[in-house]
Amino acid sequence: MRVEDELKLGFKDVMIRPKRSTLKSRSQVSLERHYRFRNSDKEWRGVPIIAANMDTVGTFAAAQTLAQFQLLTAVHKHYQLDDWQRFLAGASDADCAGLMVSTGTSDRDFERLGAILALDARLNFICVDVANGYSEHFVEFVSRVRDAFPAHIIVAGNVVTGEMTEELLLAGADIIKVGIGPGSVCTTRIKTGVGYPQISAVIECADAAHGLNGHVISDGGCTCPGDVSKAFGAGADFVMLGGMLAGHDESGGEPIEENGRQYRQFYGMSSDTAMQKYQGGVANYRASEGKTVRVPYRGPLAATVQDILGGVRSTCTYVGAAELRELSKRTTFIRVQEQENRFFTD
Ligand code: 5GP
């Protein structure tokens, strides 16, 4: 047994220190980024925020709204081939530019991935997603996907440490998804005791990835626009959101009405709810690692997106970053023991 003494930081442990700035207004800030990826050599331009591949977040309807803002969507893996076919038939090039096709790591998943990608040459991104990115099988699967799809942009995760980030980039991934346990409907830390505070995970994985011309996604744990800015400040090239994008018209999720109030069901992809829905139950060798909750119904997704982008633009003006690209260079985190004032909370 070994203990690492250095304190690791999460969103609630830091704030961003304001800096002198010549920017007059947040309307002067551009959130657009332009990346070229290390293994596929593909380019992408847009606003690097991604809807999570959860069936109550990363839906086709959400993808269409998010595309209007140049955001990305990791489409959940429970759509059938004919759902994809129907969606792609009506989709514009802009709708497809930020679509990620999610896949697990079984042989069936591999076949399904190939079948979806074969539908449309406009599909650029593959998201190989497992709860635990530390298995040898996962690394081998990423290599297999790279061999089969040399020119697609491959996202792989999730991991939280530099050495595994490097290994996955060397195995063929372009972008590493970072986060174990911070998610709003995640119970991994409770069920297993495993995890890593997200700000430190992002700082360390981004450092490892950027050294190899790779990129990272901060996945999970953002509860407000300020957290999205903190993730970018920590060095994330992309930020993935689940709970913050749930509960909207486009998000899916069972509508619930109680005492005249509207809610939507939201659940983790390894929750009992998801496993009942897609696998007919929880296999007896595994525990569910996700919660089922209800979130207040929040109307159209566009309003929430504008709120998030407005917050991140405002962060940029506080630190003098005219473009999102400059945010991490201009970020100084201060360690804190307080966050917002919660006097008026309902
Ligand atoms: P959020 O933005 O809601 O805090 O986090 C979203 C992320 O939580 C997803 O992108 C995914 O990585 C993670 N996640 C989704 N469902 C589950 C689950 O059932 N269990 C765990 N451990 N993580 C989940």
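What's counted below: heavy atoms across the whole structure, side chains too, no hydrogens, waters or symmetry copies. Indexing begins at 1, ligand by ligand and atom by atom, following the structure's order. Worth saying up front: this structure is predicted, and the values here are computed from it rather than measured.
Protein residues are said to neighbour a ligand when one of their heavy atoms lies under 4.0 Å from it; for ligand 1 these are A52, M54, N158, G183, S184, C186, T188, D219, G220, G221, M240, L241, G242, G243, G268, M269, S270, S271, E289, G290.
Residues D109 and R112 are not paired through a salt bridge, judged by the lack of any N-O separation under 4.0 Å between the basic side chain and the carboxylate. Salt bridge R144/D107: present, at least one basic N to carboxylate O contact under 4.0 Å. The residues E204 and K8 are annotated as salt-bridged, a charged nitrogen and a carboxylate oxygen being separated by less than 4.0 angstrom. By the 4.0 Å N-to-carboxylate-O rule, E32 lies too far from R325 to be salt-bridged with it. Checked for salt-bridge contact, E289 and K191 miss the test: no charged N lies under 4.0 Å from a carboxylate O.
A distance of 6.0 Å or more separates the ring centres of F87 and Y79.
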